[in-house]
Amino acid sequence: MNPHHDSHRMHVFRKYLFSIDHKVIGIQYGLTSLFFLLFGFSLMMLMRWQLAFPGTAIPFIGKFFGESRAPGGIMLPEFYNELGAMHGTIMVFLGVVPLGVGCFGNLLVPLQIGAPDMAFPKLNMASYWVFFLGGLTMLFSFILPGGAASSGWTSYPPLADIATIGQTVWLIGMVFLITSSLLGSINFITTVLQLRTEGLTFMRLPFFVWSQLVTAFLLLLAFPPLEAAGILQLMDRLAHTSFFLPSGLMISGEPLKGSGGGSVLLWQHLFWFLAHPEVYVILLPAMGIVAEIIANNIRKPLWGYTSMVYSVLFIGFMSFIVWAHHMFLTGMGTAMSSFFQATTMIISIPSVVILSCLFISLWGGSIRLNTAMLFALAFLPMFGMGGLTGLPLGLSVSDIHLHDTYYVIGHFHYVVAPGVIFALFAGIYHWFPKFTGRQMNEFLGKLHFWPSLLLMNAIFFPMLIQGLAGVSRRLYDGGLQYAHAQGVLSLNKVSSYSAWALAVAQLPFIFNFVFSIFKGKKVTSDNPWEATTLEWQTPTPPGHGNFETTPTVYRGPYEYSVPGASRDFTPQNEP
Amino acid sequence: MDAIPYTVKAREDTGLYNARLGIWLFLASEVMLFGALFATYVILRLGALHWPLGASLLSIPLGTFNTVVLISSSVTMVFAWVSLKEKNLGKYKMYMGFTIILAVLFIVVKLFLEYIPKFEHHLYPGKSTFWAIYFTLTGLHALHVLGGIGVNTYFWGPGANMWQSEPERFTNRIEIAGLYWHFVDLVWIFLFPILYLL
Ligand code: HEM
Ligand SMILES: [Cu+2]
């Protein structure tokens with residue numbers, strides 16, 4: 001029996017809600033994660049008020065948060081912590097990753113490999129709905145007594161072990177999200193390995209597919225240890241075990257009940273064993289998107305495709321043995337520190353290789369500067385900033401000074417916000433016509449791009465300076481009572497005003513996105529960007545089963561401007 | 001272009017049909033899950049001042065009995081699959097039935113002869129790190145056994161209708177359920193010595 005046939009007869013419910021079509025599921029992931037990105041962004045805007053104007057009432061909306069969070073509209077420290085933990089959690093697990101993997105991966109991987117769907121369509125649907133449940137669980141936790149989780153997105157014990165009920169619900173939410181991504185990763189790997197169409201050898205795969213394949217392996221193998229850790233923390237909280245609680249712990253002057261004998265560092269190891277690969281889960285799909293868009297808009301092949309592929313494989317492998325660079329200050333021995341410092345320096349090499357290949361590719365191209373390309377191009381230096389500022393954190397000596405300061409916040413936000421988020425925006429502008437049949441407006445696109453680029457830097461560069469001055473992260477008053485912070489306090493306002501302005505700068509995008517779905521300029525061709533990869537060789541939008549006839553692949557992914565060819569692009573399925 | 005390829009037949013270059021690759025990937029993630037838990041055990045045990053000898057707290061005869069039960073169920077699971085290869089549904093049902101009964105027996109022993117008497121003696125997970133590890137690891141394993149019972153019962157009952165329409169695909173399904181079942185068995189083979197004997 002073939003799952004596609006009956007879906008023709010299905011009514012709307014089955015078609016749009018419980019669909020097993022990878023494109024619908026991809027769009028569901030996309031809309032859900034855009035919602036969560038906006039939500040996580042809003043939490044952050046509240047935090048930025050408190051950082052810039054500590055102790056003053058939040059204007060307009062302050063009174064809606066209630067006595068337990070913001071009496072008289074003034075944010076309590078507990079509320080700040082709640083916002084911080086949930087901003088991190090939501091941005092990472094419900095925003096960026098589901099957009100990069102769940103949305104773009106689902107939409108594009110089957111199309112780019114010439115497959116009718118994912119290998120397991122029902123599993124695909126299940127993974128979306130489990131993800132959705134995880135999201136609901138996280139949202140629900142805000143209304144619990146004591147609020148949502150507030151021990152940081154890292155949930156370090158002993159704090160997290162003794163926190164209010166929100167933490168328990170956070171853990172349950174994480175179990176949903178982990179389960180969802182496990183189902184997804186099995187599906188992606190099987191799809192890429194099994195459903196590649198005829199002639200599509202590994203070295204002819206678009207770089208985006210490679211990046212998704214490696215990402216899926218990271219999700220598959222790195223998430224279970226966090227799930228294990230989550231189960232242990234749940235046991236600590238619910239069954240009163242002491243996996244993460246050492247003997248002799250005092251809490252508010254009273255000895256902790258329970259057997260003790262646990263280890264707080266155990267959590268950190270299990271957590272970072274996931275969370276370092278997780279940063280590549282965040283990053284690699286973005287790199288894949290950028291590579292596709294750059295290749296298409298320079299009208300020539302990517303320089304060093306092969307080295308990019310080996311680099312991404314090497315990143316995948318290495319990302320499992322760098323985790324303890326997050327733990328240099330936990331008192332590990334120098335031998336351990338040196339090991340993780342060395343692996344960290346090594347893993348930066350393949351990232352540099354990929355970035356360099358993309359830069360060199362630009363050389364001599366006839367570059368088409370549309371909005372998608374602008375965002376993709378901006379990814380390069382912005383991710384470059386994030387990467388370079390990471391090196392001092394990877395060296396155990398300089399990390400002693402920088403650890404847990406705003407420098408860290410600045411560093412990784414350069415990677416995830418003007419880096420990854422820009423790449424995701426680029427992807428939305430680029431692939432929008434394929435799935436809607438309409439183009440997004442270029443003028444509004446540029447109105448979105450330029451202010452965003454400027455403001456992102458105005459938000460995060462000051463954080464690097466504050467961090468170098470020694471300002472700790474997770475300070476709820478922005479450093480008002482902190483000696484190191486006095487000289488750089490005014491920078492808080494720069495960051496905050498820029499963050500709110502950044503919100504305004506997203507309005508053209510939101511308007512453009514919604515408007516273009518209904519009223520955007522219709523595309524006249526199935527391949528408006530004159531691209532080579534298979535997703536553009538389908539009808540617009542692709543119907544059930546994607547391709548009208550099974551495509552056969554004859555060439556590599558980026559055959560642009562082939563000498564002697566009649567056009568400046570030769571699709572992969574052209575003999 | 002409609003049907004998803006390789007749902008039944010293997011793809012030439014990988015030598016696998018889709019679900020077979022899928023289950024191996026799933027098991028790889030399970031290895032990481034239990035691997036992390038075993039690592040937890042090692043780390044906490046090495047860091048502990050005292051660690052009780054498992055044999056002094058747990059019953060080796062019961063543990064051994066359950067080990068034999070699970071291994072036997074793995075064997076009957078293989079026979080169930082072989083019976084389908086021989087195109088004998090009746091024999092398949094018999095062996096699958098044995099597999100399910102043995103799995104249920106494992107749970108009964110675990111619950112009524114091990115867990116509940118422990119609780120009656122006020123031995124809860126919070127009692128000490130040993131008990132925390134014991135209950136968490138065996139509990140998670142027991143959940144996996146229950147999952148297997150669910151899947152196998154489905155394939156023994158209503159799921160077996162597929163034999164009439166798509167025998168080859170059904171045989172594949174049993175192979176996959178079997179791979180999972182052997183994995184559950186294997187986890188126990190690690191759990192038994194580290195908890196009961198060492
Ligand atoms: C322009 C957008 C963003 C701004 C202005 C922003 C700002 C902030 C601020 C002010 C903090 C809290 C620092 C502290 O008190 O220690 C923070 C923490 C964090 N952010 Fe963002 N953020 C943005 C986007 C993102 C994105 C896209 C991600 C993820 C992909 C992300 C992930 C995190 C994480 C993981 C934390 C740490 C939370 C914790 O301390 O546990 N942020 N961000
Ligand atoms: Cu890391």
Point-to-point distance, once rounded to the nearest 0.5 Å, from CD of B:Glu30 to CD of A:Glu227: 8.5 Å
From OG1 (B:Thr14) to CD (A:Gln194), nearest 0.5 Å: 3.5 Å
Interface moiety of B:Tyr17 toward chain A, non-hydrogen atoms closer than 4.5 Å: backbone
Interatomic distance, A:Phe320 atom CZ to B:Met32 atom CE [nearest 0.5 angstrom]: 6.0 Å
B:Leu44 to A:Gly261 - nearest heavy-atom pair and separation: CD2-O, 4.0 Å
Residue part contacting chain A, namely of B:Phe26, when any heavy atom lies under 4.5 Å: both
Part of B:Ala48 within contact of chain A (heavy atom distance under 4.5 Å): neither
For the student: nearest non-hydrogen atoms of B:Ala36 and A:Ala228, plus distance: CB-CB, 3.8 Å
Other residues, nucleotides, ligands: >12 heavy atoms within 6.0 Å of B:Glu86 CD: yes
Gap separating the CZ atom of A:Phe243 from the OG1 atom of B:Thr129, nearest 0.5 angstrom: 8.0 Å
Proximal component of B:Ile133, with respect to chain A [non-hydrogen, under 4.5 Å]: both
Side chain proximity check, B:Thr40 to A:Leu270, heavy atoms < 4.5 angstrom: yes
Side chains of A:Arg196 and B:Asp13 in contact at under 4.5 Å (non-hydrogen atoms): yes
Beyond-backbone contact of B:Ile43 with A:Leu265, side-chain heavy atoms, under 4.5 angstrom: no
Minimum side-chain heavy-atom gap B:Pro125-A:Met235 below 4.5 Å: yes
Spacing of CG belonging to A:Leu123 relative to CG belonging to B:Asn18, to within rounding of 0.5 Å: 11.5 Å
Part of A:Leu220 lying under 4.5 Å from any heavy atom of chain B: both
Contact class of B:Leu16 relative to chain A, heavy atoms under 4.5 angstrom: both
Heavy-atom pairs under 4.5 Å with chain B, option from A:Ile189, A:Asp236, A:Thr191 with the top count: A:Ile189
Steps toward side-chain contact (heavy atoms from CB on, under 4.5 Å) verdict (A:Phe217, B:Leu25): CA-CA 9 Å; A:Phe217 269 105; B:Leu25 293 170; 4.3 Å; yes
Distance-minimising heavy-atom pair for B:Pro5 and A:Leu195: O-CD2, 3.7 Å
Closest approach of A:Ser259 to B:Lys127 (non-hydrogen atoms, all atoms of both residues): CB-O, 3.4 Å
Interatomic spacing from CZ in B:Arg20 to OG1 in A:Thr190 - rounded to 0.5 Å: 13.0 Å
Segment of A:Ile231 engaging chain B (4.5 angstrom heavy-atom cut-off): side chain
Least distance between heavy atoms, A:Leu193 atom then B:Arg11 atom: O-NE, 3.7 Å
Contacting moiety of A:Leu221, where chain B heavy atoms sit under 4.5 Å: both
Contact summary for A:Thr241 and B:Ala132, nearest pair of heavy atoms: CG2-CB, 3.6 Å
